[in-house]
Number of protein chains: 4
Amino acid sequence: MNDMLELLRNEKNMTPKQIEIIRAAIELISEKGYYNTSTSEIAKRAGVAEGTIFRHYKTKKELLVEIVTPVITNFAAPMFAEKFVDQVFRTDFAHFKDLMYVFIKNRFEFAQSNIPLLKIVMQELAFHPEIQDAYKKVFKEKVYPAFNQTLDFYKEKGELQNLPNETMIRLIVPTIIGFMITRFILQPDKDWDDEAEIRKLITVIMGGVGSKE
Amino acid sequence: MNDMLELLRNEKNMTPKQIEIIRAAIELISEKGYYNTSTSEIAKRAGVAEGTIFRHYKTKKELLVEIVTPVITNFAAPMFAEKFVDQVFRTDFAHFKDLMYVFIKNRFEFAQSNIPLLKIVMQELAFHPEIQDAYKKVFKEKVYPAFNQTLDFYKEKGELQNLPNETMIRLIVPTIIGFMITRFILQPDKDWDDEAEIRKLITVIMGGVGSKE
Amino acid sequence: MNDMLELLRNEKNMTPKQIEIIRAAIELISEKGYYNTSTSEIAKRAGVAEGTIFRHYKTKKELLVEIVTPVITNFAAPMFAEKFVDQVFRTDFAHFKDLMYVFIKNRFEFAQSNIPLLKIVMQELAFHPEIQDAYKKVFKEKVYPAFNQTLDFYKEKGELQNLPNETMIRLIVPTIIGFMITRFILQPDKDWDDEAEIRKLITVIMGGVGSKE
Amino acid sequence: MNDMLELLRNEKNMTPKQIEIIRAAIELISEKGYYNTSTSEIAKRAGVAEGTIFRHYKTKKELLVEIVTPVITNFAAPMFAEKFVDQVFRTDFAHFKDLMYVFIKNRFEFAQSNIPLLKIVMQELAFHPEIQDAYKKVFKEKVYPAFNQTLDFYKEKGELQNLPNETMIRLIVPTIIGFMITRFILQPDKDWDDEAEIRKLITVIMGGVGSKE
DNA sequence: TATGAATGAGTCTTCATTCAT
DNA sequence: CATGAATGAAGACTCATTCAT
């Protein structure tokens with residue numbers, strides 16, 4: 001269940017109207033951007049009155065943040081949730097590249113289910129300090145620690161070069177994200193063999209950080 | 001001479017006021033984004049009347065495009081100009097990784113000299129078809145052909161795996177761009193050892209596309 | 001009930017603010033012309049915010065058209081409505097000149113009640129294709145057919161010369177309109193004996209188109 | 001020689017640039033109206049710099065007035081010039097309707113040669129007090145006296161009804177002008193038999209003001 | 001005299017936000 | 001809770017006019 005809207009409906013208990021507002025906002029903002037989308041347009045597409053939006057969200061920006069924050073949290077978080085880290089250490093994954101495969105596969109599917117949302121995050125991240133804060137927080141509190149633990153684990157197993165974790169993260173993460181941007185945003189209509197692409201991606205990453213034995 | 005403003009002053013022969021307008025626009029838009037920057041603000045910072053902007057650029061958007069287009073052209077183009085391609089084929093570069101080094105170094109420096117401009121390009125690319133067109137044109141007419149020629153050359157020399165060029169480009173380019181974004185935008189204040197980072201980057205790339213002899 | 005404002009209030013069911021906007025617009029535009037009247041002025045005189053105007057009328061031009069179209073329709077139309085044409089053929093009017101009298105009298109009173117509006121129509125007709133369209137439509141669909149029927153009727157009765165209807169219309173209509181312009185716009189302050197003027201006018205018209213027996 | 005431009009070139013001694021400005025202004029304003037024509041457009045079409053216009057005419061309005069005033073003067077005046085009035089009293093015209101014929105014919109040709117200018121006069125008369133003043137002056141000082149003299153002359157000859165001159169003028173003038181508007185502005189493309197139309201027009205007028213012997 | 005870059009007041013229009021119902 | 005009419009501040013853009021060259 002990767003669909004964020006589903007998730008929002010459940011976690012916060014939203015009224016149907018609220019859901020419609022969020023859905024409309026996501027559609028419109030991801031198509032045209034935050035500044036090209038008016039609240040009246042959102043209201044119209046959501047089938048509610050303009051005032052209704054402001055009953056639920058004090059400002060237009062708050063609506064944006066409300067949309068974007070859970071995406072950030074959920075894009076980064078779940079893989080680093082207890083369950084997953086457990087698996088790693090219960091050595092469910094014999095090799096780092098197996099872990100990478102599951103990790104990338106999982107995030108890939110998440111991205112696929114939430115393209116409009118991720119588009120919004122990427123586009124608006126640059127301009128809204130509130131969003132940047134959420135992003136930094138998640139990165140610092142979730143991604144970073146989880147990565148550290150994981151990388152240390154496989155370093156000790158001799159599967160990774162003895163590079164600083166930070167360096168490795170800086171090599172791995174942009175490579176993965178770069179791939180997804182190409183895949184979902186720049187050339188979404190190309191005829192992709194996703195499975196092959198992901199394997200190739202892992203080769204690149206391992207070429208970069210894997211131990212050269 | 002990497003500074004685009006310098007370049008603009010020379011190529012198009014701009015009046016001093018025009019230069020000021022461009023300078024102010026670059027500053028403000030790269031800080032706050034296109035939609036958060038008003039023409040009156042640009043005028044104020046440029047020290048001209050608001051009307052003066054519209055004497056030179058029919059619309060605000062035209063100003064943006066005028067700023068952004070040369071950046072795109074110049075970010076992509078020069079490395080693929082005759083001179084450079086010549087070098088490659090006069091085998092000035094014994095190995096693909098030597099070429100990569102010079103290439104990345106060169107584009108790195110260009111980026112460094114034009115951070116605000118590149119920020120603008122990245123941020124606004126998503127919303128302005130006019131900018132997308134410029135980008136597509138350059139990529140198709142310059143980047144792609146040059147890359148193809150080059151990759152074929154080193155493939156024949158046995159230095160690269162026998163992958164489709166497109167695949168290689170898709171692995172190489174986002175990796176480089178991802179690095180630069182991290183370096184200049186996400187963590188500009190970190191204490192970077194650029195030389196080392198670039199070498200590492202090349203290792204990653206070679207791990208991905210280099211031949212496994 | 002000749003007052004157009006009254007009519008607007010009823011037909012379209014307008015809010016009080018909307019009425020005020022229309023009233024203010026009519027006053028100002030008829031005094032100073034469309035291009036010399038700003039929307040902010042209209043708003044001020046109407047006692048509403050400028051934005052309110054644009055909530056009801058998408059553009060300033062749409063406001064103008066909304067004001068002017070019903071005038072055109074109503075200036076031309078009612079006399080040619082069923083009721084009136086019926087009267088003619090039930091020979092309520094023994095002679096063409098009796099019909100003319102009622103007709104002119106009726107339109108005269110309409111004009112008198114709507115001077116500012118008619119001023120606007122005349123002044124702006126030249127520049128706004130939208131208004132011209134409305135005018136052409138009404139003339140073609142209402143005025144012309146009604147006139148034709150009527151003129152034919154009295155021709156057969158031998159009261160009119162055997163001229164083409166078009167020629168007669170071209171003689172009659174400008175003469176009447178010319179009179180009203182003189183009466184209400186060029187010399188409104190003169191001490192008019194309207195009854196006498198109208199009779200004189202009819203003499204002229206009959207001199208032009210009446211049969212010379 | 002009815003062309004006003006010719007006249008302007010001679011009376012005032014204008015530079016070629018000035019003539020071009022006037023010509024361009026007439027063209028543009030008569031097409032699109034005063035408020036829809038910018039001085040920069042006029043300058044462009046005239047092939048001069050914007051500043052040049054303001055060297056010759058202090059304001060845009062002054063340019064308009066400069067264009068329009070001589071038209072008014074010349075439309076009204078010449079027929080009432082000495083020469084013409086002389087003719088009347090040297091009884092060059094046996095009957096009033098002969099005079100009318102020459103008069104209408106003459107003004108008809110003037111109109112035909114100056115349609116754009118007359119269009120401008122009509123359209124802008126309503127909004128510019130300066131133009132109204134010119135019009136009133138000419139009417140009062142030229143048209144009215146000349147008409148008076150003439151009408152009195154033919155009244156004495158028993159050719160006209162014993163109506164107040166003012167009344168007659170009010171019947172005659174709008175009828176003639178109405179005809180010209182129909183002929184040149186409302187239906188310029190119709191296939192007109194001008195000679196016949198003018199004769200018809202005179203019949204109407206005579207029907208209105210001619211003595212009923 | 002002619003130029004045309006520069007001006008800045010003024011215009012129409014948009015839109016997030018409020019509030020009485 | 002929901003509505004949607006009303007708001008008014010702010011924005012992009014126009015254009016008559018000025019003035020240094």
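The chains referred to below are lettered A, B, ... by the order of the sequence lines, with proteins before strands, and numbering in each begins at 1. For the numbers below, each heavy atom of this structure counts, side chains included, while hydrogens, waters and symmetry mates do not.
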Can you name the residues that form a ring pair (Phe, Tyr, Trp, His ring centres under 6.0 Å) with C:F127, not counting sequence neighbours?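 Ring pair (Phe, Tyr, Trp, His ring centres under 6.0 Å) list for C:F127, sorted by chain: empty.
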[X] has an atom [atom1]; how far is it from atom [atom2] of [N], in whole Å?
| X | N | atom1 | atom2 | answer |
| --- | --- | --- | --- | --- |
| A:I21 | F:dG4 | CD1 | P | 13 Å |
| D:N36 | E:dT11 | CG | P | 15 Å |
| A:Q18 | F:dT3 | CD | P | 13 Å |
| C:E41 | F:dG8 | CD | C1' | 18 Å |
| D:I53 | E:dA5 | CD1 | C1' | 16 Å |
| D:I42 | E:dA2 | CD1 | P | 17 Å |
| D:M14 | E:dT1 | CE | C1' | 17 Å |
| D:E20 | E:dT3 | CD | C1' | 17 Å |

Heavy atoms under 4.0 Å, any strand shown: does B:T52 hit a base, just sugar-phosphate, or nothing?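 Base, at least one base heavy atom under 4.0 Å.
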For residues 46-57 of chain C, which side-chain N or O atoms pair as donor and acceptor with protein atoms under 3.5 Å away, sequence neighbours left out?
{"residue": "C:E50", "atom": "OE2", "partner": "C:T39", "partner atom": "OG1", "Å": "2.8"}
{"residue": "C:E50", "atom": "OE2", "partner": "C:S40", "partner atom": "N", "Å": "3.4"}
{"residue": "C:T52", "atom": "OG1", "partner": "C:A49", "partner atom": "O", "Å": "3.3"}

Are B:H56 and E:dA6 close enough that a side-chain N or O sits under 4.0 Å from OP1 or OP2?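 Yes, because at least one side-chain N or O of B:H56 sits under 4.0 Å from OP1 or OP2 of E:dA6.
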Contacting residues from residues 125-133 of chain B, given that a heavy atom lies under 4.0 angstrom of DNA chain F: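 Heavy-atom cutoff 4.0 Å gives no residues at all.
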Under the salt bridge (Lys or Arg N to Asp or Glu O under 4.0 Å) criterion, do D:E20 and D:K17 qualify, and how do the steps go? CA-CA 5 Å; D:E20 282 316 306; D:K17 299 231 171 200; over 6 Å; no
Taking only residues two or more places apart in sequence, or in another chain, which ones meet [X] in a side-chain contact (heavy atoms from CB on, under 4.5 Å)?
| X | value |
| --- | --- |
| C:I115 | C:F184 |
| B:T69 | B:V65, B:T73, B:A134 |
| A:E41 | A:L28, A:K32, A:T37, A:S38 |

Protein-nucleic acid N or O pairs under 3.5 Å, nucleotides 17-21 of chain F:
{"residue": "F:dT17", "atom": "OP2", "partner": "D:K60", "partner atom": "N", "Å": "2.7"}
{"residue": "F:dT17", "atom": "O4", "partner": "D:E50", "partner atom": "OE1", "Å": "3.4"}

So if I take every side-chain heavy atom of A:V48 and compare against F:dC15, E:dA6, F:dT3, which nucleotide ends up nearest?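 Among the listed nucleotides, the one closest to the side chain of A:V48 is F:dT3.
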Taking side-chain hydrogen bond (donor to acceptor under 3.5 Å, both in side chains) as the definition, give me every residue that meets it alongside A:E66, ordered by chain and number, with sequence neighbours left out.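 Listed in chain order: A:K12.
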B:E27: which residues meet the side-chain hydrogen bond (donor to acceptor under 3.5 Å, both in side chains) condition with it, sequence neighbours left out? B:R45
Aromatic ring pairing A:Y35/A:H128, orientation class (parallel under 30°, perpendicular over 60°, tilted between):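 The arrangement is parallel - the two ring planes meet at less than 30°.
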Where at least one partner belongs to residues 123-133 of chain C, residue pairs that pass salt bridge (Lys or Arg N to Asp or Glu O under 4.0 Å), sequence neighbours excluded: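 Listed once each, the pairs are C:K61-C:E130.
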Is any side-chain heavy atom of A:I131 less than 4.5 Å from a side-chain heavy atom of A:L64?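 When only atoms from C-beta onward are counted, A:L64 and A:I131 do touch, with a gap below 4.5 Å.
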Using the closest heavy atom to pick a nucleotide of DNA chain F for each, name whichever of D:T37 or C:K17 lands nearer the 5' end. C:K17
Is a donor on one side and an acceptor on the other found under 3.5 Å between the side chain of C:Q132 and the backbone of C:A126? yes
Convert the base pairs of DNA chain F into dot-bracket notation, remembering that pairs crossing earlier ones are written with [ ] and that bases paired across to another strand are shown as |; include only Watson-Crick or G-U pairs under 3.5 Å. .||||||||||||||||||||
